[in-house]
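Following: one structure in structure tokens, then a few remarks.
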Amino acid sequence: MDLNDRQRTILDLIRQSGLQSITDLSRQFDVATQTIRRDINALCDEGLARRVHGGVVAPSNPVNLNFRSRRVMNEGAKRAIGQAAAQLIPQGATVMLGIGTTVQYVAEALLEHSDLTVVTNNLEVATIFCGSVTAEVHFTAGVLRPEDRDVVGGQTLLDYQRFRADFGVIGAGGLSPNHGLLDYKAIDADVSRMILQQSRQALLVADAGKWNRSPKFQVAGFDRIDTMVTNEAPPCEIEGLSLHHVAEQNL
């Protein structure tokens, strides 16, 4: 789905401030309530928002969103995070790029690098690097998940284990001050954990909205992360973690 500017702003409003009424949105954008309802209906049909009486809120269960829908949530923040993370990776590095939509934005920013060796199970990442003339890309075997745009499974973990990377780049389904990185599915946590194990430097790319989610599978504590790239400072101090705080881009 290609979002218009008004729809992007509505998503930002419900993410930052919660419930937005149709009447208030109509006044803010100076358009008819019918126009706002059409915008909201389109967002809800894609799973990006949820209708309530007289208004709209964020979706109640982000895990059920497909890759395409998750990609446009917090898009400006994710793009800025991706560009900042790419700046931490030198030319000629070996990089593991794992599961998730924010990792895709890192891949897009890395296209300007030369002579990278990329290892990934992320279909979108592999597709992006088809545009590179110097990158050597290794795509893991595994079971295809069309909705998540990746492959997973035991063979995926074995293929990652064959490499030793300079940098491992992972996202997270959620973040917890006490439990660190969390994810919604056990196999997703397994993949991220393997990338951390096989990388000399671990980069976590995650927008601030991840602090509001509580998936049940633990990936690792923050002590396993060297650098976190995010768009807002964490709600608590994390000892020993290097932070790169970036400004959200307006798209």
ILVMFWY network linking [X] to [Y], side-chain heavy atoms under 4.5 angstrom:
{"X": "V219", "Y": "L241", "answer": "yes"}
{"X": "L111", "Y": "V205", "answer": "yes"}
{"X": "I170", "Y": "W211", "answer": "yes"}
{"X": "F163", "Y": "L157", "answer": "yes"}
{"X": "V106", "Y": "L123", "answer": "no"}

Minimum side-chain heavy-atom gap [X]-[Y] below 4.5 Å:
{"X": "Q161", "Y": "L158", "value": "yes"}
{"X": "L43", "Y": "L3", "value": "yes"}
{"X": "M194", "Y": "D190", "value": "no"}
{"X": "L243", "Y": "P234", "value": "yes"}
{"X": "F167", "Y": "P90", "value": "yes"}
{"X": "V125", "Y": "D150", "value": "no"}
{"X": "Q201", "Y": "L88", "value": "no"}
{"X": "D188", "Y": "F217", "value": "no"}

Donor-acceptor pair between Q91 and S114 side chains, under 3.5 angstrom: yes

Which distance, rounded to the nearest 0.5 Å, do you find between the [atom1] of [X] and the [atom2] of [Y]?
{"X": "Q197", "Y": "R164", "atom1": "CD", "atom2": "CZ", "result": "8.0 Å"}
{"X": "L204", "Y": "F222", "atom1": "CG", "atom2": "CZ", "result": "7.0 Å"}
{"X": "I22", "Y": "T33", "atom1": "CD1", "atom2": "OG1", "result": "7.5 Å"}
{"X": "T101", "Y": "N122", "atom1": "OG1", "atom2": "CG", "result": "9.0 Å"}
{"X": "Q218", "Y": "D183", "atom1": "CD", "atom2": "CG", "result": "11.5 Å"}
{"X": "Q104", "Y": "K78", "atom1": "CD", "atom2": "NZ", "result": "9.5 Å"}

Side chain to side chain contact (heavy atoms under 4.5 Å, CB included) between L25 and L13, worked out: CA-CA 10 Å; L25 291 172; L13 287 170; 3.8 Å; yes

Can you tell me if [X] uses its side chain to pair, donor with acceptor, with the backbone of [Y] under 3.5 Å?
{"X": "E136", "Y": "T117", "result": "no"}
{"X": "H244", "Y": "A84", "result": "no"}
{"X": "S26", "Y": "V31", "result": "yes"}
{"X": "Y160", "Y": "N121", "result": "yes"}
{"X": "S199", "Y": "A202", "result": "no"}
{"X": "T134", "Y": "D115", "result": "yes"}
{"X": "T230", "Y": "D207", "result": "no"}
{"X": "H138", "Y": "D159", "result": "no"}

Search all heavy atoms of [X] against all heavy atoms of [Y] and return the closest pair with its distance.
{"X": "L182", "Y": "S176", "result": "CD1-CB, 3.9 Å"}
{"X": "Q7", "Y": "A42", "result": "NE2-CB, 3.7 Å"}
{"X": "V56", "Y": "A49", "result": "CG2-CB, 3.5 Å"}
{"X": "A141", "Y": "T156", "result": "O-OG1, 2.7 Å"}
{"X": "V103", "Y": "G171", "result": "CG2-N, 3.8 Å"}
{"X": "G82", "Y": "A109", "result": "O-CB, 3.7 Å"}

Reference residue V169; test side-chain contact (heavy atoms from CB on, under 4.5 Å); the match among L97, T227, I195: L97

For K185, the option from V191, D148, I99 that meets side-chain contact (heavy atoms from CB on, under 4.5 Å): D148

Residues R193, R224; criterion side chain to side chain contact (heavy atoms under 4.5 Å, CB included); working and verdict: CA-CA 9 Å; R193 201 177 299 115; R224 295 288 291 109; over 6 Å; no

Basic-acidic side-chain contact under 4.0 Å: R51, D45: yes

Chi angles and distances behind the side chain to side chain contact (heavy atoms under 4.5 Å, CB included) call for L181, K210: CA-CA 9 Å; L181 285 64; K210 298 299 175 68; over 6 Å; no

Candidate pair V57 and I14, rule side chain to side chain contact (heavy atoms under 4.5 Å, CB included), full reasoning: CA-CA 6 Å; V57 295; I14 63 176; 5.6 Å; no

N4, CG: over 12 other non-hydrogen atoms inside 6.0 angstrom: yes

